[in-house]
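Letters A, B, ... are given to chains in the order of the sequence lines, protein chains preceding strands, and every chain is numbered from 1.
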Number of protein chains: 2
Amino acid sequence: MAFTPPVAEQRFVLDHVVHLAELADTDRFAAASSDVVDAVLEGAGQLAAGEWAPLDRAGDTVGAKWTEDGVVMPDGFRAAYRAYVDGGWGTVGVSEAFGGQGLPYVLATAVLETLGAANLSFALAPTLTMGAVEALTHHGSEEQQRLYLPRLASGEWTGTMNLTEPQAGSDVGALKTRAEPRADGIWSITGTKIFISFGDHDLTDNIVHLVLARTPDAPPGTKGLSLFLVPKYRLDADGRPGAPNDVKAVSIEHKMGLHASPTCVLSFGEHGDCAGELIGAEGGGMAAMFTMMNNARLNVGLEGVQVAERATQRAVTYARERIQSAKAGAPGREPVAIIEHPDVRRMLLRMKAQTQAIRALVYYAAGQVDRAALGDARAKQRLDLLTPLAKAHGTDIGCEVADIGIQVHGGMGYVEETGASQHFRDARVTRIYEGTNGIQAADLVGRKLSLDSGATLRALIDEMRRESRGDALLALLDMCEAVGRHMLSVRIEDRLAGSCPFLTMLATAVCGWLMEREGRAVEASGAEPDFAAMKAAAVRFYVDQIVPEALGLNAAATASADALYAVSADAFAA
Amino acid sequence: MAFTPPVAEQRFVLDHVVHLAELADTDRFAAASSDVVDAVLEGAGQLAAGEWAPLDRAGDTVGAKWTEDGVVMPDGFRAAYRAYVDGGWGTVGVSEAFGGQGLPYVLATAVLETLGAANLSFALAPTLTMGAVEALTHHGSEEQQRLYLPRLASGEWTGTMNLTEPQAGSDVGALKTRAEPRADGIWSITGTKIFISFGDHDLTDNIVHLVLARTPDAPPGTKGLSLFLVPKYRLDADGRPGAPNDVKAVSIEHKMGLHASPTCVLSFGEHGDCAGELIGAEGGGMAAMFTMMNNARLNVGLEGVQVAERATQRAVTYARERIQSAKAGAPGREPVAIIEHPDVRRMLLRMKAQTQAIRALVYYAAGQVDRAALGDARAKQRLDLLTPLAKAHGTDIGCEVADIGIQVHGGMGYVEETGASQHFRDARVTRIYEGTNGIQAADLVGRKLSLDSGATLRALIDEMRRESRGDALLALLDMCEAVGRHMLSVRIEDRLAGSCPFLTMLATAVCGWLMEREGRAVEASGAEPDFAAMKAAAVRFYVDQIVPEALGLNAAATASADALYAVSADAFAA
């Protein structure tokens, strides 16, 4: 099915949720004129619809293949990736100092949305690369920045993130990969990393692995970790890929979805000759990795938007074409398109409303990246608070929307050729990787809730309350405030017990607030009538039907952990 | 992973939710002594765990294969099916007059739960066969019953249901398959049916297709439909399979899951020689099909229980084995099994509570089948009311639990070898087939709500209110009553607009009521301590955390359809 880039919607959100014009008014982002923004959205849309979307199904059915000589992507991916590099799409949000276009990060977010909606698994390559760019921008030496950043920014080379090991999933502090200093200032890396997205492929002539490893005599836990840059091919004197490094993809996972994204087991230093460069200070691995992870978390939240947009388009198309049964209550017995049946239409409107809501949430958070870069300390704190919401709620809803998409298709939704199932399978991992959504919720109630002694959350709730109108939304804001206060008064295990419901509640409040903002804006904007009507209906549905659901989460969010531990672990298996 | 039949839990629900002893006190079900019930549960559990469960993964990875000569099942399925037939497991709930054991239907439900938890796709064969037994028991001629029923009951032959055609999915009235009378009292069937589960296979030496078709000069719509019995092989003079009939599986679907259940396109009468027998009266097809469908709908609700039970067992096992991170708030930094982490434990407890709740719902509904068979007219009406709840909520929750199961596994949940993904993929279609869950909700607010002028719902709510204790549950009952009353006062399109949220709300209330019943019973029952503690925790979680969520659905259940039609169908695609 053809993919239609949601350009008008993206522009609307950039204008009215992100207030992009404010950013363009600054020296730093002066390049982001209205014309440039339109050109970027249109151009990315053309690439996505014309070259990336047609490969999505082959990505699923053929998939990336492991061979002894490396991972091979399906036919067509190399050319489509080349078009991405040649168009400069990777450089949108990168600083001009490193070969970028110096446009706002949030505009790069919009570009990435379009690419991932067209082809979710393919877009992981640029997504991971953006994380590497971010890490090197903030923590790389001048030399590293000079040698690697322009080529990563352009996408000429891709980047990877290497955290997970078999015994160290969510517990990064447990990882064992070692880095030993060598005479030449280079480190020798030894260890095995798993779940490395695009850990190997044949799209580019080099791959830059960023690897967390433990230096000799380093303390245990996360404090002993350092970040290393490990190129697949070492650079020669001209900075070009030269001799192969001692790193190898030993296998790829057989996954439920995302088949065009090779998930690799990478073996470093099998022959004792894997050369890595230290990034930043020894022991500074977690700080550098967090730079990368925070970026990645926003972008995984964006994957929720990507899959939701695509699944919604597919379901709407099907529901307008599929003729079945007369409309209940209508005079005739003439069968109608199923979009005319109330429950199908409810499902479609829910898909629309949820998709728009998480787009608003993720773009708003991405806008805080730009505001923080302009020196706004409050924006940085708000970003920190919103990052777990964007990641967890964005992906929860992406999965929900893909799930509804199957239901709209009825029996055809279960048949692979229809395509609805691919979105459902592809999306599922987004709630797991880059920190499971449970980890996001723990981050929210652990670190983020107490940011600035709770002032960050209070400021957000105050602002939302000032702007919000709906009764249910105002009630939800009160509830969020009360639960937030409650959380700070109880034991950490009680916070954790209610963390996921609380995250959903707070994210729904933020979405409701931003959707109301969109609702007011569309009335004043003179938007095209169908666009305005759809927006108004989606906003109303969100505020009237989805926000009240979140009110039902209060009991779960405030439940004591005692309810969980009243029964022994053994009894679960009895 | 080994499957452990939940025998103690099944027995508990039969005793304390279904009140099986009351049934065993009747002449009809006198065979259901306590010893027999235990023997049936244990025996079915042994077959399921020992022979069916080990094939589940091969069913997924190898799957049923279409060949020119018919569909071939993976290795081992034939023998495992033979063990089912030889053990007499198909005959549990069948009347002694037709070679059955004359035990309660609800006991057959428990047997089928165990088999399907072991191997969901395999259990579809007996599930469909039970529907055919039901249809022939109520609508077949004496001759048809004599020739077909014992062999269907034993499972020596399997049965299929043939409704769907490419242009007629949910709209059964639109189907076109034709039946023309022939000189010998036999009908000639011509047409194509799709989505026919186990429409062909090599497990048995005959297959009995029950086919909805249109007779000449029949009125349009559902009134013109008749039900026909079409054997794969016509019976010879001794009632044994003889010459092949003109029916052929022309292809099977490539589905997201349930790979061991061949979903066939069946072509009837390609050579003008497909012989069928009329079942019941001409024009009585829908009545006969509803007999079959109501049974099938309960059994599809049971599939939710099956997948939830298996997914929960798998997640609990993993969470007890996987060691990761120290427990928050604990003094040491020693990593613990992830079941000790609050959010993981919350997920597991939710899985337990939801699984137990839908088991209670489905078993309770199945118990009404037996009570109705004993002549209790109120039980028949309650069954009619509960059937859409059991089907839709049972499968909604089956999918939810399978989804949580993946999350508990983290990254491993996305890797196919782990098995969590198979449950998630297998389960998804249960919300679609046998009438999508939207169709179930339409049935609830359309036909079932007004049963006996609304007295059926009122009687249920009154009984629930008398027995219920929790504040949230009592509030939910009030809400269900108010929404039910509201529904009867508004246009059909408004009812339909709120139908799915209302179904969830009402089903949650029924589950909460039955879970409270279980909670009281376990205190008095002297159950084994781990069992009692787990039950008490699950009941408390359900009543304290899940019931309140349903309170959040009021706005959606009572929203007007106008909210859906304020925007044109075209605007959805704008």
Side-chain angles (χ1 to χ4, degrees), chain A residues 169-171 195 253-256 316 320 324-325 328-329 335 339 342-343 345-346 348-349 406-407 410-411 414-416 421 428-429 431-432 436 438 491-493 496-497 499-500 530-531 533-534 537 540-541 544-545 548-549 551-552 555-556 559 561 563-564 566-567 569-574, chain B residues 169-171 195 253-256 316 320 324-325 328-329 335 339 342-343 345-346 348-349 406-407 410-411 414-416 421 428-429 431-432 436 438 491-493 496-497 499-500 530-531 533-534 537 540-541 544-545 548-549 551-552 555-556 559 561 563-564 566-567 569-574:
Chain A
S170 299
D171 187 5
F195 294 152
E253 303 296 342
H254 175 218
K255 310 190 301 292
M256 179 159 60
V316 166
R320 295 178 74 220
Q324 191 80 171
S325 299
I339 193 173
D343 186 58
R345 206 174 185 103
R346 180 190 62 85
L348 294 170
L349 188 48
I406 289 189
Q407 198 70 17
Y414 202 60
V415 172
E416 286 293 354
S421 146
R428 186 60 187 84
V429 75
R431 292 161 64 201
I432 296 170
T436 66
R491 299 168 303 176
I492 181 66
E493 52 266 47
L496 292 168
S499 59
C500 280
D530 270 355
F531 180 89
M534 190 69 244
R540 207 154 48 231
F541 189 91
D544 291 349
Q545 299 200 32
E549 286 173 22
L551 293 168
L564 305 174
V567 55
D570 286 347
F572 276 83
Chain B
S170 299
D171 187 4
F195 293 152
E253 303 296 343
H254 176 217
K255 310 190 302 292
M256 178 162 59
V316 166
R320 295 177 74 219
Q324 190 81 169
S325 298
I339 194 174
D343 187 58
R345 204 171 185 109
R346 179 191 63 84
L348 294 169
L349 188 49
I406 289 187
Q407 198 68 19
Y414 202 60
V415 173
E416 286 293 353
S421 146
R428 185 62 186 82
V429 75
R431 290 162 65 201
I432 296 170
T436 66
R491 299 167 304 174
I492 181 66
E493 51 267 46
L496 290 168
S499 58
C500 279
D530 270 355
F531 179 89
M534 190 69 243
R540 207 154 45 230
F541 189 91
D544 291 349
Q545 300 200 33
E549 286 174 22
L551 293 168
L564 305 174
V567 56
D570 286 347
F572 276 84

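- Interface remark: of the candidates B/Ile406, B/Leu349, B/Leu348, B/Val429, B/Val429 forms the most heavy-atom pairs closer than 4.5 Å to chain A.
- Within the 4.5 angstrom heavy-atom criterion, atoms from both the backbone and the side chain of A/Leu496 approach chain B.
- The nearest pair of heavy atoms linking A/Ile432 to B/Gly411 is CG2-N, 3.3 Å.
- When the candidates B/Ala569, B/Gly329, B/Ala573, B/Ala563 are compared by the number of heavy-atom contacts under 4.5 Å with chain A, B/Ala569 comes out ahead.
- Closest approach of B/Gly438 to A/Asp343, counting heavy atoms only: CA-OD2, 3.5 Å.
- For B/Met256 against A/Glu416, the heavy-atom pair with the smallest separation is CA-OE2, 3.3 Å.
- Of the listed residues B/Pro335, B/Pro548, B/Ala566, B/Ala571, the one with more heavy-atom pairs under 4.5 angstrom with chain A than any other is B/Ala571.
- Across all their heavy atoms, B/Leu564 and A/Arg345 have their closest contact at O-NE, 2.8 Å.
- When the candidates B/Arg431, B/Arg491, B/Glu549, B/Arg428 are compared by the number of heavy-atom contacts under 4.5 Å with chain A, B/Arg428 comes out ahead.
- Both the backbone and the side chain of A/Glu493 come within less than 4.5 Å of a heavy atom of chain B.
- With chain A as the partner, the residue from B/Phe541, B/Phe195, B/Phe531 showing the most heavy-atom pairs under 4.5 Å is B/Phe195.
- Looking only at heavy-atom pairs under 4.5 Å with chain B, the residue among A/Ala328, A/Ala533, A/Ser325 that has the most is A/Ser325.
- Contact annotation for B/Val415: both backbone and side-chain heavy atoms come within less than 4.5 Å of a heavy atom of chain A.
- A/Ser499 touches chain B through its side chain: at least one heavy atom from C-beta onward sits under 4.5 Å away, while N, CA, C and O do not.
- For the pair B/Gln545 and A/Ala559, the tightest heavy-atom approach, listed with the atom from each and the gap, is NE2-CB, 3.3 Å.
- Chosen from B/Ala556, B/Ala561, B/Ala574, B/Ala555, the residue pairing most often with chain A at heavy-atom distances under 4.5 Å is B/Ala556.
- B/Pro342 and A/Ala497 make their closest contact through CB-N, 3.9 Å (heavy atoms, listed as atom of the first residue, atom of the second, distance).
- Counting only distance, with no hydrogens or angles, the side chain of B/Gln324 and the backbone of A/Gly169 share a donor-acceptor pair below 3.5 Å.
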